[in-house]
Amino acid sequence: MWKVKVLSRSTLEYTRKTPQDIYKIKQRMFAKPFIGDLSGHSDGVYCMAKHPKKLTTVISGSGDGELRIWDLSDRETKWKIWNPDQSGEPLNTYVGKFAFSAIDHHRSDPIFITSGSQVDIWDENRSDPIKTFNWGVDTINTIRFNQTETNIFGTCGTDRTIILYDLRMNSPLTKSVLQMRTNAIAWNPMEAFNFTAANEDHNCYTFDMRKMDCALNVLKDHVSAVLDLDYSPTGEEIVTGAYDRTLRIYSARQGHSRDIYHTKRMQRIFCVKYSMDSKYVLSGSDDGSIRLWKAKASEKLGPKDYRERAHIEYQEKLIDRYKYLPEIKRISRHRNVPKVIKNAQNTKRIMLQAQRRKEENLRKHSKKGSIPYQVERKKPIVGIAK
């Protein structure tokens, strides 16, 4: 005999009685954050950039050297190039001494920066760098301008370093060494001195550039290396993409994610971006697809009338008021997580608990004087050079 389990809902839960009634709001457990994908690349998507003034324009680059400009409203390619020799002459060509690993443009001035074995500052109207920084690192794999203090930019190196620079100075500002390599950094657009670094140890660390000896916040929950991250334009949320094939959204002031997005076909996520209106999230993965997600999984798309907006605000206030009740807390925190991720989280939890027990035992023995107390704590920073 076969047993069949069926999930069913009454139509009264999500339909209107009369045309004058407001639409029923979807429950969190039935939310569908995935909107669609931007397909066209034949190789993995490893970098993305958004237009600072156009909400619907995004550019992407894949492993085969192809560049595409997308219109998010139509989800179509507006322009693409693969071989410059076959697609016309470029406006300008810049030749450096070393291979380029990353690039970023100034927010308002005709200046851009490149990284590789050294950091070069370029003027769009000149063929040679106007300034060069070098602090004896191996290779710089990430470089980002501060969008508020526009003369400041940060870099990440393969030798586990984070270095901050100022265009107005001839030498770097500070150099910090972490326990593991940093893959990406993102500056908070509303708090000029704060930035967050995505690390190989599965965490993201938020720092104040004025005091780099400890992290302001640690974003946890990933079970593999975090490869990219981005702030929302409001500076209140952070989106991360990791090697564990999941995308997570955090509050900038909390340590655990409020949402996790995943699909069966999505591979390793190498780049993520927030849209300029903070309503959508984009992810580029190793399977050659760019996926478009809602920043709030249960949010309704499209226009809302006054009564519907008031109803949504009232429900959000009720949830916020009773969020500490066990049932409300359980429903609001519940997320469907892949079995592989859940097993990895359990394994990681056991390892961390074993490490804590080891530290506690060493403390007890050190108090008795039997063995010296020597425990190396896992801090994000192990050294600072100025």
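- Side-chain atoms of Lys50 never come within 3.5 Å of backbone atoms of Ser275 as a donor-acceptor pair (strictly under, hydrogens ignored).
- Hydrophobic clustering of Ile, Leu, Val, Met, Phe, Trp and Tyr side chains at less than 4.5 Å, counting indirect connections, unites Val272 with Phe34.
- Distance alone, capped at 3.5 Å, places no donor-acceptor pair between the Asp71 side chain and the Lys78 backbone.
- Transitive grouping of hydrophobic side chains (ILVMFWY, heavy atoms separated by less than 4.5 Å) keeps Met266 and Phe270 in distinct clusters.
- Distance OG1/Thr263 to CG/Asp287: 7.5 Å, rounded to 0.5 Å.
- For Glu308 and Lys300, the salt-bridge test passes: some basic side-chain N is under 4.0 Å from an acidic carboxylate O.
- Counting only distance, with no hydrogens or angles, the side chain of Asp221 and the backbone of Ser257 share a donor-acceptor pair below 3.5 Å.
- Evaluation of the salt bridge (charged side-chain N to carboxylate O under 4.0 Å, His left out) rule for Arg181 yields Glu200 as partners, not counting sequence neighbours.
- In this structure, Asp104 and Phe153 have side chains that are not in contact, with every pair of non-hydrogen atoms separated by 4.5 Å or more.
- Side-chain contact check for Val58 versus Leu72: some heavy-atom pair is nearer than 4.5 Å.
- Between Tyr94 and Phe112, the ring planes lie perpendicular to each other; the angle is over 60°, past the 30° to 60° tilted range.
- Counting only distance, with no hydrogens or angles, the side chain of Thr206 and the backbone of Thr196 share no donor-acceptor pair below 3.5 Å.
- A salt bridge links Asp166 to Arg168: at least one charged side-chain nitrogen sits closer than 4.0 Å to a carboxylate oxygen.
- Counting heavy atoms from C-beta on, the side chains of Leu229 and Tyr250 never come closer than 4.5 Å.
- Proximity of a side-chain donor or acceptor of Ser101 to a complementary backbone N or O of Ser115 within less than 3.5 Å is detected.
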Under the salt bridge (Lys or Arg N to Asp or Glu O under 4.0 Å) rule, what do Glu237 and Arg258 come out as? Steps first, then yes or no, please. CA-CA 10 Å; Glu237 293 186 333; Arg258 68 163 177 83; 2.8 Å; yes

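- Counted by atom type alone, Glu124 and His105 present one or more donor-acceptor pairs between their side chains at under 3.5 Å.
- Trp187 and Ile162 fall within a single hydrophobic cluster, where Ile, Leu, Val, Met, Phe, Trp and Tyr side chains are chained together by heavy-atom contacts under 4.5 Å.
- Residues passing the salt bridge (charged side-chain N to carboxylate O under 4.0 Å, His left out) test with Lys296: none are found, sequence neighbours excluded.
- Checked by atom type and distance alone, the side chain of Asn217 pairs as donor or acceptor with a backbone atom of Gln254 at under 3.5 Å.
- Applying the side-chain contact (heavy atoms from CB on, under 4.5 Å) test to Glu327 and every residue at least two apart in sequence or in another chain returns Arg330.
- Note: Leu282 CG to Arg291 CZ = 12.0 Å, rounded to the nearest 0.5 Å.
- Judged purely by atom type and a 3.5 angstrom limit, Arg268 uses its side chain to pair as donor or acceptor with the backbone of Tyr243.
- Taking hydrophobic clusters as Ile, Leu, Val, Met, Phe, Trp and Tyr residues chained together by side-chain heavy-atom distances below 4.5 Å, Leu292 shares a cluster with Trp70.
- Taking 4.5 Å as the limit, some side-chain heavy atom of Asp286 sits within range of a side-chain heavy atom of Tyr46.
- At a threshold of 4.5 Å between non-hydrogen side-chain atoms, the residues Ile69 and Thr57 count as touching.
- The shortest side-chain heavy-atom distance between Val226 and Leu219 does not fall under the 4.5 Å cut-off.
- Residues Val95 and Trp122 approach most closely at O-CH2, 3.5 Å, considering heavy atoms.
- Of the possible polar contacts, one joining the Asp244 side chain to the Val223 backbone as a donor-acceptor pair under 3.5 Å is found.
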Could you give me the CA-CA distance, side-chain angles and deciding distance for Phe100 and Ile143, then say whether side-chain contact (heavy atoms from CB on, under 4.5 Å) is met? CA-CA 11 Å; Phe100 299 133; Ile143 191 165; over 6 Å; no

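- Side-chain contact between Lys131 and Asn170 is present, with at least one heavy-atom pair separated by less than 4.5 Å.
- A distance of 11.0 Å separates CZ in Phe133 from CD1 in Ile163, rounded to the nearest 0.5 Å.
- Both Met169 and Phe193 sit in one connected hydrophobic cluster of ILVMFWY residues. Membership requires side-chain heavy atoms under 4.5 Å apart, directly or through other members.
- Between Arg210 and Glu149 there is no salt bridge, since none of the side-chain N atoms of the basic residue sits less than 4.0 Å from a carboxylate O of the acidic one.
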Would Lys323 and Asp320 count as a salt bridge (Lys or Arg N to Asp or Glu O under 4.0 Å) here? Give the steps. CA-CA 5 Å; Lys323 62 183 178 182; Asp320 184 67; 3.4 Å; yes

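- In summary, Asp305 and Arg307 do not engage in a salt bridge, as defined by a charged side-chain N under 4.0 Å from a carboxylate O.
- Counting heavy atoms from C-beta outward, Leu173 and Ile152 have side chains that approach closer than 4.5 Å.
- For Asp228 (side chain) and Ala184 (main-chain N/O), no donor-acceptor pair under 3.5 Å exists by modelled atom type.
- Among Thr132, Thr114, Ile130, the one residue that satisfies the side-chain contact (heavy atoms from CB on, under 4.5 Å) test with Ile121 is Ile130.
- Note: Gln353 CD to Lys348 NZ = 13.0 Å, rounded to the nearest 0.5 Å.
- Atom-to-atom distance recorded for Thr246:OG1 and Asp259:CG is 11.5 Å, nearest 0.5 angstrom.
- Without hydrogens or angle criteria, Arg335 side chain to Tyr261 main chain gives no donor-acceptor distance under 3.5 Å.
- Here the straight-line distance linking atom CD1 of Ile260 with atom OG1 of Thr240 works out to 9.0 Å at 0.5 Å rounding.
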